[in-house]
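Starting from 1, each residue takes its place in the sequence as its number. Every value quoted in this text rests on a predicted model; they were computed, and no experiment measured them. Hydrogens, waters and symmetry mates are skipped; everything else that's a heavy atom, side chains included, is used.
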Amino acid sequence: MKATLTTCPYCGTGCNLYLLGDERGQLYGVEPVAGHPVSRGQLCLKGWNAHAFVAHPERLTHPLLRRQGKLRPCDWETALDLVHCRLAAIAERHGPDSLMFLASAKASNEENYLLMKLARAGFGTNNVDHCARLCHSSTVFGLAETLGSGAMTNSLNCFERTDLVLVIGSNTTEQHPLIGSRILQARQRGAGLIVIDGRTIRLARHADLHLRPQNGTDVALLCGMMRQILADGLEDRAFIAARCENFAAFEASLRDYTPERVAAITGVPAQQLVDAARRFACADKAMIVFAMGITQHSHGVDNVRALSNLALLTGNIGRPGTGLNPLRGQNNVQGACDMGALPDVYSGYQKVSDPAAREKFSAAWGVPLPDRPGLMATHAMEAAAAGRVRGMLIMGENPLLSEANQGLVRQALQKLEFLAVIDIFPTETAQLADVVLPAACYAERDGSFTSTERRVQRGRQAIAPPGEARADWQILCALLGRCGVPAGYAGPGEIMAEIAALTPSYAGISYPRLEGTGLQWPCPDAEHPGTPILHVGRCSRGKARFSPVAYRPAVETPDADYPFLLNTGRTGVHWHTGSMTRRSHLLDREEREPYVEIHPADAARYQLEERRPVRISSRRGSIEARTRITDRVPAGQLFIPFHFVEGAANALTNNALDPESGIPEFKVCAVRLQPC
Ligand code: SF4
């Protein structure tokens, strides 16, 4: 038995595990890594099953080409030539910005770097993005504006030193189970816990206070808390004076958020709001933990700004046990952002509109580069549906299940003149492609991944890919070569060397240095030990900026025709569009079918029993699911996980976008329900 040390392919916590395999290239299981600083000898259910999908019979093993309406096997040279020729021809006829490139938070840093290089240097467009658009684009925008960096400010070991954890919009024990354990351990040690979530998530049962605002009203709630902190004189005056700017405008913006008004907007009793504000402000060291319950709104950036204001108001930045801690959903969503798989920045968030940055990358890559920021993924789907984007290359993403308003996304993908997909399984998106290129999965290739706490770690190849499947970086090098951009890398280590040379925050990172337990960026030179806590003494932008916000309701709220508020999210055993976990036997056994959570009072009103099939409809689509009757959801609200193709929650969701981050409003739309 051979044990290969690698990084878990699922959530952004960054656990390490050993893949156990044999000489014939079969995997038998996983083992946790006792000395690892994040996982500490533990794994969650998904981690323990990380080997299970690798040998699934549906793995793609040969390139596929659509002929007479069907995807049929072809050879690599034909497939690669066709992808290059068709995309180049569309760019020639309609301009480079008629193309769109989607990178992947499941691919490595090196692969995301190469994909953005392919889009920019190979095809001359900044139209490159990835699924961070759908999860934490609001975080990147909001924190970059207020602090100067869009990443998690602190480290996971800060839970050991905190006095209080505020969890808002994060079902941590389900989505990031080992971080959830850290929060529970902090609680056992005596730290305070405030949970703000409309659903009664597991952490809520352990909390000092559980506030249940109506979905979409967080800005009002947070402004109310901050107004109360000021009214009580509990703000950190010294921190504000020394480290922040724009306080007067921020203070004035809170005037109208009285506890009574906030209670009327949010449904949270005024006294609970006052208690939460006082508990938070009185803690010496308080951590804010948040995820998609905050970001996935048409006002997601304002939600993040409000959280940042709260941390600044109370001096909870730049110290152990404090900070703004967005939990990243996929194992490399932080890295995909860091690598510039975004429409407005190169790696290290260097702006494409900055002539100096553009000149640097242009000189390194040997081609002129476009200066205008490209399309966000969500805007690209609208552009494709309108015929303005005509060709697309998608690496390791499944937008047909993951984007809001599935009907629009299907229309967009079907209207493309040419769609190429690189993936490990024939996902719902791959089934619409003209060419499908089979990729090696995480267990079959080398690379590096950056976790939610900015920890860059190695992934290592344990076995050979199936059939003719190739690593994404090899596929991208072949396409770069066809575009005339030299890409003769010997392996991911050489790609990382190029990344380090061009990216100040990764400048000290190299494969030899990643042999240990990884490095947390910024790591500006080869001797630097990495940075566990950001904004110590000084924020990345200099002074932190208070950013006033005003409450705006969700774009679509319940009415007489669509009387329920729909909230979407995940279950603990499945991951995203289920392409891996639903092909993992034991995980799929735990949750086999789509379900809808409904409050007992609503179930009684509709005369519904447990596991009854019901039809749920919004203005955009309709699905069936079985009822799960529970007071975890408040009356008037439904919850549906988005993992299931046979009951795709995103057939219902609203693609109303945050005007700044372009994130859709996954967490609020109006639906109706009928028994089947
Ligand atoms: Fe993998 Fe996340 Fe579970 Fe850790 S907590 S084992 S990274 S899925």
Worksheet entry | Atom pair CG/CG of Leu5 and Leu17 - distance to nearest 0.5 Å | 8.0 Å
Fill in: Residue pair Trp521 / Thr503, side-chain heavy-atom distance below 4.5 Å
no
Worksheet item: Rounded to the nearest 0.5 Å, what separation is found between the CD atom of Glu660 and the CZ atom of Phe141?
Response: 4.0 Å
Worksheet item: Mind checking what makes side-chain contact (heavy atoms from CB on, under 4.5 Å) contact with Ser104, not counting sequence neighbours?
Response: Lys106, Ala107, Met395, Glu397
Worksheet item: Do Thr571 and His574 meet the criterion of a side-chain donor-acceptor pair at a distance under 3.5 Å?
Response: no
Worksheet item: Where the side chain of Tyr113 meets the backbone of Gly340, is there a donor-acceptor pair that is under 3.5 Å apart?
Response: no
Worksheet item: If we ignore angles and hydrogens, is there a donor and acceptor under 3.5 Å between the side chains of Thr450 and Asn109?
Response: yes
Discussion item. I'd like to know if the side chain of Gln461 reaches the main chain of Ile463, judged simply by a donor and an acceptor atom lying under 3.5 Å from each other, with no hydrogens or angles considered.
Written reply: yes
Worksheet item: Residues two or more places apart in sequence or in another chain: which of them pass salt bridge (charged side-chain N to carboxylate O under 4.0 Å, His left out) with Glu428?
Response: none
Practice prompt. Using atom types as modelled and distance alone, determine if a side-chain donor or acceptor of Asp658 lies under 3.5 Å from a backbone N or O of Val301.
Written response: yes
Response to the item:
Those residues at least two apart in sequence (or on a different chain) that pass ring-ring contact (aromatic ring centres under 6.0 Å, His included) with Trp365 are Phe361
Discussion item. Applying side chain to side chain contact (heavy atoms under 4.5 Å, CB included) to Thr577 and Thr427, what does each step give before you reach the verdict?
Written reply: CA-CA 9 Å; Thr577 66; Thr427 63; 5.8 Å; no
Worksheet item: Can Glu403 and Thr378 be said to form a side-chain hydrogen bond (donor to acceptor under 3.5 Å, both in side chains), step by step?
Response: CA-CA 8 Å; Glu403 296 227 8; Thr378 40; 5.8 Å; no
Worksheet item: Is the closest side-chain donor-acceptor distance between Ser170 and Thr172 under 3.5 Å?
Response: yes
Discussion item. Once salt bridge (charged side-chain N to carboxylate O under 4.0 Å, His left out) is applied, do any residues pair with Arg120, and if so which ones, sequence neighbours excluded?
Written reply: none
Worksheet entry | All pairs passing salt bridge (charged side-chain N to carboxylate O under 4.0 Å, His left out) where residues 492-518 contributes a residue, at least two apart | Lys117-Glu498, Arg458-Glu515, Arg460-Glu515
Worksheet item: Does any donor atom in the side chain of Gln350 or Asp354 lie under 3.5 Å from an acceptor atom in the other side chain?
Response: no
Discussion item. Let's go through Ser155 and Gln520 carefully: what are the C-alpha distance in whole Å and the side-chain angles of both, what is the deciding distance for side-chain hydrogen bond (donor to acceptor under 3.5 Å, both in side chains) to 0.1 Å, and is it a yes or a no?
Written reply: CA-CA 9 Å; Ser155 291; Gln520 287 173 278; 2.9 Å; yes
Discussion item. Measuring only between side-chain heavy atoms, which start at C-beta, is Tyr511 closer than 4.5 Å to Pro492?
Written reply: yes
Practice prompt. Using side chain to side chain contact (heavy atoms under 4.5 Å, CB included) as the criterion, point out the one residue from Pro522, Ser149, Pro532 that pairs with Arg454.
Written response: Pro522
Discussion item. Do Val289 and Leu327 make a side-chain contact, defined as non-hydrogen atoms from C-beta onward lying under 4.5 Å apart?
Written reply: yes
Response to the item:
Residue set satisfying ring-ring contact (aromatic ring centres under 6.0 Å, His included) with His56, at least two apart, ordered chain then number -> Phe425
Worksheet entry | Side chains of Cys8 and Asn16 in contact at under 4.5 Å (non-hydrogen atoms) | no
Practice prompt. Would you check if the side chain of His51 reaches a backbone N or O of Gly47 as a donor-acceptor pair within less than 3.5 Å?
Written response: no
Item to complete: Let me see the working for Asn331 and Tyr442 under side-chain hydrogen bond (donor to acceptor under 3.5 Å, both in side chains), right down to the final yes or no.
Response: CA-CA 11 Å; Asn331 75 337; Tyr442 81 102; over 6 Å; no
Discussion item. Determine whether a donor-acceptor pair (N or O, by modelled atom type, separation under 3.5 Å) exists between the side chain of Asp434 and the backbone of Leu419.
Written reply: yes
Discussion item. Thr295: which residues meet the side-chain contact (heavy atoms from CB on, under 4.5 Å) condition with it, sequence neighbours left out?
Written reply: His136, Ser138, Thr139, Phe290, Met292, Val304, Ile663
Discussion item. If you define the side chain from C-beta out and look only at heavy atoms, does anything of Arg59 sit under 4.5 Å from Ile424?
Written reply: yes
Practice prompt. Before giving the answer on side chain to side chain contact (heavy atoms under 4.5 Å, CB included), spell out for Arg582 and Leu587 the whole-Å C-alpha distance, their side-chain angles and the decisive distance to 0.1 Å.
Written response: CA-CA 7 Å; Arg582 296 207 66 201; Leu587 296 176; over 6 Å; no
Worksheet item: Does a side-chain heavy-atom distance below 4.5 Å link Leu369 with Glu359?
Response: no
Worksheet entry | Distance, nearest 0.5 Å, that separates CE of Met100 from NE2 of His379 | 11.0 Å
Item to complete: Just jot down the side-chain contact (heavy atoms from CB on, under 4.5 Å) partners of Ala507, sequence neighbours excluded, or say none.
Response: none
Discussion item. Tell me if a side-chain donor or acceptor on His528 pairs with a main-chain N or O of Gly530 at a distance below 3.5 Å.
Written reply: yes
Discussion item. So, using side-chain hydrogen bond (donor to acceptor under 3.5 Å, both in side chains) as the criterion, who are the partners of Arg570 when residues are at least two apart?
Written reply: His576
Item to complete: State, without any angle test, whether Thr429 and Asn398 hold a side-chain donor-acceptor pair at a distance under 3.5 Å.
Response: yes
Worksheet item: Less than 4.5 Å apart, any side-chain heavy atom of Leu519 and any of Cys523?
Response: yes
Worksheet item: Do Met381 and Met392 pass the side chain to side chain contact (heavy atoms under 4.5 Å, CB included) test, and can you show the C-alpha distance, the side-chain angles, and the key distance before you say yes or no?
Response: CA-CA 10 Å; Met381 289 300 167; Met392 203 177 284; 4.1 Å; yes
Discussion item. For Ser308, run the side chain to side chain contact (heavy atoms under 4.5 Å, CB included) check against Leu147, Ile288, Asn303 and tell me which one passes.
Written reply: Leu147
Worksheet item: Got a salt bridge between Asp97 and Arg372, using NZ or NE/NH1/NH2 to carboxylate O under 4.0 Å?
Response: yes
Practice prompt. Nearest 0.5 Å please: distance from the CD1 atom of Ile499 over to the CD atom of Glu110.
Written response: 5.0 Å
Worksheet item: Would you find a donor on one side and an acceptor on the other, under 3.5 Å apart, between the side chain of Thr568 and the backbone of Lys667?
Response: no
Discussion item. Checking Phe666 now: which residues fulfil ring-ring contact (aromatic ring centres under 6.0 Å, His included) with it, not counting sequence neighbours?
Written reply: none
Worksheet item: Hey, what do you get for CG (Leu118) to CZ (Arg482), rounding to the nearest 0.5 Å?
Response: 11.5 Å
Discussion item. Quick check: do Val38 and Ser451 have side-chain heavy atoms less than 4.5 Å from each other?
Written reply: no
Worksheet item: Residues two or more places apart in sequence or in another chain: which of them pass ring-ring contact (aromatic ring centres under 6.0 Å, His included) with Phe101?
Response: Phe123
Worksheet item: To the nearest 0.5 Å, how far apart are CG in Leu99 and CG in Leu87?
Response: 5.5 Å
Worksheet item: Pairs in or reaching into residues 122-147: which pass salt bridge (charged side-chain N to carboxylate O under 4.0 Å, His left out), with residues at least two apart or in two chains?
Response: Asp129-Arg133, Glu145-Arg305
Worksheet item: Would you find a donor on one side and an acceptor on the other, under 3.5 Å apart, between the side chain of Gln330 and the backbone of Gly12?
Response: no
Worksheet item: Does a side-chain N-to-carboxylate-O contact under 4.0 Å join Arg445 and Asp472?
Response: yes
